[in-house]
Amino acid sequence: MDISGMYYLEDVNIEGFKSFSERTSMSFQPGIGVIIGNNGVGKSNILDAIVWALGEEDLSWVRCQGRDELFFFGSKDYPPASQIRVELNIKKANDKQVSGLQLVREMTPNGRNHYWVQAKPFQLEDYRTYLENLGLKNSLKTIIRQEQINDMILMNPGQRFDQLKSLLRIDLNNKLSRCLHDSIDPLFRQYLDLLMPQGAGRLESVSQNGKDGLEIEVTLPGNRVRRAHQLSGGEKSVVSLALKLAIFDQLESPFYLLDEVEPSLDYTNHKSMQTLLRTVSGRKQLIMITHLRSTIELANTLHGVRTRWDGSSFMKFYFVMDERLLRLYKCC
């Protein structure tokens, strides 16, 4: 698939959202954008801002329990945010001479939201319809967080089937079973083969006590056959990543957001992950948070986030990555 005709996220501007007290801007390119920084500097807040700007109303999806947590809290040098504003600039990869499409969401402390497309105001439902027509309706779902990477693996087959049914919004069980067999399973096998070259896996629709389920079976090196719950921590992460990326393909978002998905992987799997990420980034834009040099090596753009003494976040540096900069850059 040629990425040149796809939309991608070109610019993100954040102001007043969570730890970002001042307007903070970052630019991306098709391919892989990597965000780095020490623990606690607000890297994940960038991904939250993107999801929120796409119209997410469920606070748990942006890691909040209350609306007030969306706003910059205030400090000695910076007052509490009087509003949140997040701007996304969406562009077609092959339209270099054409400016992108600007999407904006604002919120005031009383909970009132405002949405704009190209400076034209929209109501939420019309905004969502516009995003759907652009093919961005499901982009707020294509995010994998470090603490949630194994969530589907840890479910039983019935819960896993129901979760997938809800995520893909497929009403009929037999229709979901066909989708699993015809589309998700082949891509899962392909991705798992890249991550675990001497292993294999398969997804199977099963029926237990009259309830439909999704079983995950993995053949590890040495022909050891395991079901999902029998895998080690690192093996679960590998299988989960392959599974989620295969499912994401059905959501047809032009970009995926990946938040530190590699820590449980050993050195061999880090190298295998490079192959997977190169493969996926040929079809989708990846915006990734990481601490690992093996992932940074793949970056088209590199963004460094830091915190001021008062805890507010700012963008320390931005590179369009090349071999010279990679040699100069020292990563933990």
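- In summary, of the residues considered (I170, L214, L203, L243), a side chain to side chain contact (heavy atoms under 4.5 Å, CB included) with L164 occurs for L214 alone.
- Rounding to the nearest 0.5 Å places OG1 of T290 at 8.5 Å from CE of M273.
- The backbone N or O of N173 lies less than 3.5 Å from a partner atom in the side chain of S177, making a donor-acceptor pair.
- Atom CE of M107 sits about 4.0 Å away from atom CG of N113, to the nearest 0.5 Å.
- Between the side chain of E56 and the backbone N or O of D58 there is at least one donor-acceptor pair closer than 3.5 Å.
- In this structure, the side chain of S166 does not engage the main chain of D162 through any donor-acceptor pair within 3.5 Å.
- One finds no salt bridge joining D310 and K76 here, because no Lys/Arg side-chain nitrogen approaches an Asp/Glu carboxylate oxygen to under 4.0 Å.
- Taking CD of Q102 as the reference point, atom CD of E87 lies at 4.5 Å (rounded to 0.5 Å).
- Minimum heavy-atom separation, P157 to E215: CG-OE1, 3.6 Å.
- For the residue pair N89 and E10, a side-chain donor N or O sits within less than 3.5 Å of a side-chain acceptor on the partner.
- Of the N and O atoms on the side chains of R308 and Y78, at least one donor lies less than 3.5 Å from an acceptor on the other residue.
- Side-chain contact annotation: T129 with E132, donor-acceptor N/O pair under 3.5 Å absent.
- Not a single donor-acceptor pair under 3.5 Å links the side chain of Q250 to the backbone N or O of I247.
- No continuous path of ILVMFWY side-chain contacts below 4.5 Å connects V12 to Y8, so the two sit in separate hydrophobic clusters.
- With a 4.5 Å cut-off on side-chain heavy atoms, S313 and T24 do not count as touching.
- With R160 contributing its side chain and I153 its backbone, the two residues share a donor-acceptor pair below 3.5 Å.
- With respect to E297 and R278, no salt bridge is recorded, no charged nitrogen being found less than 4.0 Å from a carboxylate O.
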- Check the pair L101 / L134 against side chain to side chain contact (heavy atoms under 4.5 Å, CB included), numbers first and verdict last. CA-CA 10 Å; L101 179 73; L134 285 177; 3.3 Å; yes

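- Atoms CG and CG, on L245 and L258 in that order, are 6.5 Å from each other to the nearest 0.5 Å.
- Side-chain contact between I32 and V34 is present, with at least one heavy-atom pair separated by less than 4.5 Å.
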- Chi angles and distances behind the side chain to side chain contact (heavy atoms under 4.5 Å, CB included) call for V62, E69: CA-CA 10 Å; V62 290; E69 296 177 9; over 6 Å; no

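- S240 approaches I149 most closely through the heavy-atom pair CB-O, 3.1 Å.
- Atom CD of Q118 sits in a crowded spot, with more than 12 heavy atoms from other residues, nucleotides or ligands closer than 6.0 Å.
- At least one side-chain heavy atom of R128 sits less than 4.5 Å from a side-chain heavy atom of E57.
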- Might you work through the side chain to side chain contact (heavy atoms under 4.5 Å, CB included) test for R202 and V218, ending with a clear yes or no? CA-CA 7 Å; R202 68 186 182 97; V218 179; over 6 Å; no

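- The shortest distance between side-chain heavy atoms of F28 and N300 does not fall below 4.5 Å.
- Nearest heavy-atom pair, N45 versus F20, reported as atom, atom and distance to 0.1 Å: CB-CE1, 3.9 Å.
- Contact annotation: the side chain of P254 approaches that of L136 to within less than 4.5 Å [non-hydrogen atoms, C-beta and beyond].
- Looking only at distances, no side-chain donor or acceptor of S19 sits under 3.5 Å from a matching main-chain atom of S312.
- More than 12 heavy atoms of other residues, nucleotides or ligands shown are found within 6.0 angstrom of CD on Q190.
- Linking ILVMFWY side-chain heavy atoms closer than 4.5 Å, directly or via other members, places I287 and L140 in a single hydrophobic cluster.
- Taking a cutoff of 4.0 Å between a charged side-chain nitrogen and a carboxylate oxygen, K141 and E252 do not qualify as a salt bridge.
- V261 and L187 end up in the same hydrophobic cluster when Ile, Leu, Val, Met, Phe, Trp and Tyr side chains are linked at under 4.5 Å.
- The cluster map of Ile, Leu, Val, Met, Phe, Trp and Tyr, joined by side-chain heavy atoms under 4.5 Å apart, puts I184 and M155 in different clusters.
- More than 12 heavy atoms of other shown residues, nucleotides or ligands fall within 6.0 angstrom of atom CG in D77.
- With rounding to the nearest 0.5 angstrom, the CG atom of N13 is 3.5 Å from the OG atom of S25.
- Atom OG1 of T307 is separated from atom NZ of K43 by 10.0 Å, given to the nearest 0.5 angstrom.
- A salt bridge links D185 with R189: the closest approach of a Lys/Arg side-chain nitrogen to an acidic carboxylate oxygen falls below 4.0 angstrom.
- Side-chain contact between Q285 and P30 is absent, with no heavy-atom pair separated by less than 4.5 Å.
- In terms of heavy atoms, S205 sits closest to L180 at OG-CD1, 3.6 Å.
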- Message: Checking F72 against S75 for the side chain to side chain contact (heavy atoms under 4.5 Å, CB included) test, could you report, in this order, the C-alpha distance in whole Å, the side-chain angles of both residues, the deciding distance, and whether it holds?
- Response: CA-CA 9 Å; F72 176 70; S75 68; 4.2 Å; yes

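- Counting non-hydrogen atoms of other residues, nucleotides and ligands closer than 6.0 Å to CZ of R112 gives a total of 12 or fewer.
- Using a distance-only test at 3.5 Å, with no hydrogens or angles considered, a donor-acceptor pair links the side chain of H303 to the main chain of S27.
- Aromatic rings from F122 and Y130 are positioned such that their centres are separated by under 6.0 Å.
- Cluster membership check: I84 does not share its hydrophobic cluster with W116, using side-chain heavy-atom separations under 4.5 Å among Ile, Leu, Val, Met, Phe, Trp and Tyr.
- Looking at Q274, its side chain does come within 3.5 Å of a backbone N or O of S294 through a donor-acceptor pair.
- Under the ring pair (Phe, Tyr, Trp, His ring centres under 6.0 Å) rule, W52 has a single partner from Y115, F71, F17, which is F17.
- Under the 3.5 Å distance criterion, with hydrogens and angles disregarded, a donor-acceptor pair is assigned to the side chains of N39 and H291.
- A salt bridge links D151 to K244: at least one charged side-chain nitrogen sits closer than 4.0 Å to a carboxylate oxygen.
- Considering all non-hydrogen atoms of both residues, D48 and W61 come closest at OD1-O, 4.3 Å.
- Counting heavy atoms from C-beta outward, L286 and M288 have side chains that approach closer than 4.5 Å.
- Between L54 and L131, the shortest heavy-atom contact is O-CD1, 3.4 Å.
- Using a 4.0 Å cut-off between charged nitrogen and carboxylate oxygen, K165 and D212 do not count as a salt-bridge pair.
- With a 4.5 Å cut-off on side-chain heavy atoms, F248 and I144 count as touching.
- Q148 places no side-chain N or O within 3.5 Å of a backbone atom of R145 that could act as its donor or acceptor partner.
- A donor-acceptor pair is defined here as one N or O able to donate and one able to accept, closer than 3.5 Å; such a pair exists between the side chain of K284 and the backbone of S253.
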- Query: Passes salt bridge (charged side-chain N to carboxylate O under 4.0 Å, His left out), R85 versus E15? Steps please.
  - Reply: CA-CA 5 Å; R85 181 179 174 93; E15 185 175 1; 5.7 Å; no

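- Remark: Q65 CD is loosely packed, at most 12 non-hydrogen atoms of other residues, nucleotides or ligands lying under 6.0 Å away.
- Applying the 6.0 Å contact sphere to CG of N110 captures more than 12 heavy atoms from other residues, nucleotides or ligands.
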